[in-house]
Amino acid sequence: CFSEEELECFENSLDFSYLYVMGKDYEFFKSSKRIVICRLIGAYINKKLNNEQALPPCLTKLMLNMQDDAFGRQTVSDMAKDIGYSPDYLSRLFRNYFGKSIEQHLIERRIYDSMSALLHTNKPIDEIAEKAGWNYAGNYIIHFKRIYGITPAKYRKKYRDGLNEKDID
């Protein structure tokens with residue numbers, strides 16, 4: 001029902017950092033992540049089969065566009081224009097379905113995408129922040145702390161201890 005590419009796209013759009021933190025083993029993390037993804041897809045299919053409310057086509061298009069925009073640098077207005085809806089309508093609909101704003105979702109995704117670099121590289125925080133789309137590392141740190149409750153440096157120190165040297169570039 002889903003190609004490997006579609007499964008990876010969906011998998012990469014979700015936040016699974018808690019699985020990594022719990023397991024501290026990268027292979028365990030990858031297999032656990034895939035199991036959770038398969039269960040979510042199963043739940044989605046069951047929901048669709050039961051004729052419950054499915055995601056509107058405009059939100060499906062939006063999510064796919066956000067997946068293509070690697071660092072979430074497009075504005076909501078640009079994304080809405082690309083799929084032919086007003087920014088206000090799309091924002092309201094997104095908040096109704098997901099309980100958060102499009103902007104918050106993009107910030108969370110950019111933070112999540114940066115977590116691998118924190119754990120698996122020795123790059124400085126400001127370089128990771130820049131690669132994740134922030135012009136100023138201070139803003140990155142503020143958003144990271146708001147989401148995870150600790151700074152990126154403390155996160156790196158706390159969760160990197162369980163990694164083998166071969167896991168860090």
Undergrad: Step by step, would you call Gln104 with Ile147 a side chain to side chain contact (heavy atoms under 4.5 Å, CB included)?
TA: CA-CA 10 Å; Gln104 184 61 34; Ile147 293 168; 4.3 Å; yes

Undergrad: Checking side chain to side chain contact (heavy atoms under 4.5 Å, CB included) for the pair Arg92/Arg95: CA distance, chi angles, key distance, verdict?
TA: CA-CA 5 Å; Arg92 274 193 313 276; Arg95 186 175 293 280; 5.9 Å; no

Undergrad: How close do Ala129 and Ala137 get, heavy atom to heavy atom, and via which atoms?
TA: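 That would be CB-CA, 3.9 Å.
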
Undergrad: Look at atom CD of Glu130 and say whether more than 12 heavy atoms of other residues, nucleotides or ligands are closer to it than 6.0 Å.
TA: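 Counting other residues, nucleotides and ligands, CD of Glu130 stays at 12 neighbours or fewer.
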
Undergrad: Determine whether Phe94 and Met63 satisfy the following criterion, side chain to side chain contact (heavy atoms under 4.5 Å, CB included), listing intermediate values before the conclusion.
TA: CA-CA 10 Å; Phe94 191 92; Met63 296 301 279; 3.7 Å; yes

Undergrad: Is the CZ atom of Phe98 crowded by more than 12 outside heavy atoms at less than 6.0 Å?
TA: yes

Undergrad: Enter the distance from Ile111:CD1 to His143:NE2 here, rounded to the nearest 0.5 Å.
TA: 7.0 Å

Undergrad: Please find the pair of heavy atoms, one from Ser114 and one from Tyr140, that lie closest to each other, and give the distance.
TA: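 That would be OG-OH, 2.7 Å.
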
Undergrad: Could you grab the distance from atom NE2 of His105 to atom OH of Tyr112, nearest 0.5 Å is fine?
TA: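 Here the interatomic distance stands at 12.0 Å.
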
Undergrad: Could you state whether Tyr85 and Tyr97 fall into the same hydrophobic cluster, counting links through intermediate Ile, Leu, Val, Met, Phe, Trp or Tyr residues with side-chain heavy atoms under 4.5 angstrom apart?
TA: yes

Undergrad: When you look at Ile141 and Trp134, which way does the side chain to side chain contact (heavy atoms under 4.5 Å, CB included) test go after all the steps?
TA: CA-CA 10 Å; Ile141 293 167; Trp134 272 273; over 6 Å; no

Undergrad: Restricting to non-hydrogen atoms, name the atom on Pro56 and the atom on Leu93 that form the minimum distance, rounded to 0.1 Å.
TA: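 Here Pro56 and Leu93 meet closest at CG-CD2, 4.1 Å.
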
Undergrad: Is it the case that more than 12 heavy atoms not belonging to Asn96 sit under 6.0 Å from its CG atom?
TA: yes

Undergrad: Would you name the heavy atoms of Ile83 and Lys61 that are closest together and state the gap between them?
TA: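 Heavy atoms of Ile83 and Lys61 come nearest at CG2-CB, 3.7 Å.
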
Undergrad: With rounding to the nearest 0.5 Å, note down the distance linking CG in Asn122 to CD1 in Ile128.
TA: 9.0 Å

Undergrad: Going from CG on Asp82 to CG on Leu62, what distance comes out if it is rounded to the nearest 0.5 angstrom?
TA: 10.0 Å

Undergrad: Find the distance between NZ (Lys100) and CD (Glu108) and round it off to the nearest 0.5 Å.
TA: 3.5 Å

Undergrad: Which heavy atom of Pro152 sits nearest a heavy atom of Ile125, and at what distance?
TA: CB-CD1, 3.9 Å

Undergrad: Which atom pair, heavy atoms only, marks the closest approach of Ile150 to Phe144?
TA: O-CD2, 3.2 Å

Undergrad: With a 4.5 Å cut-off on side-chain heavy-atom distances among I, L, V, M, F, W and Y, is there a chain of contacts connecting Leu55 to Tyr89?
TA: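 Same hydrophobic cluster.
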
Undergrad: Counting only N and O atoms by type, is there a donor-acceptor contact under 3.5 Å from the side chain of Arg156 to the main-chain atoms of Thr121?
TA: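 Yes, the answer is positive, given that a donor and an acceptor are paired below the 3.5 Å cut-off.
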
Undergrad: Around atom NZ of Lys154, are there more than 12 heavy atoms of other residues, nucleotides or ligands at under 6.0 Å?
TA: no

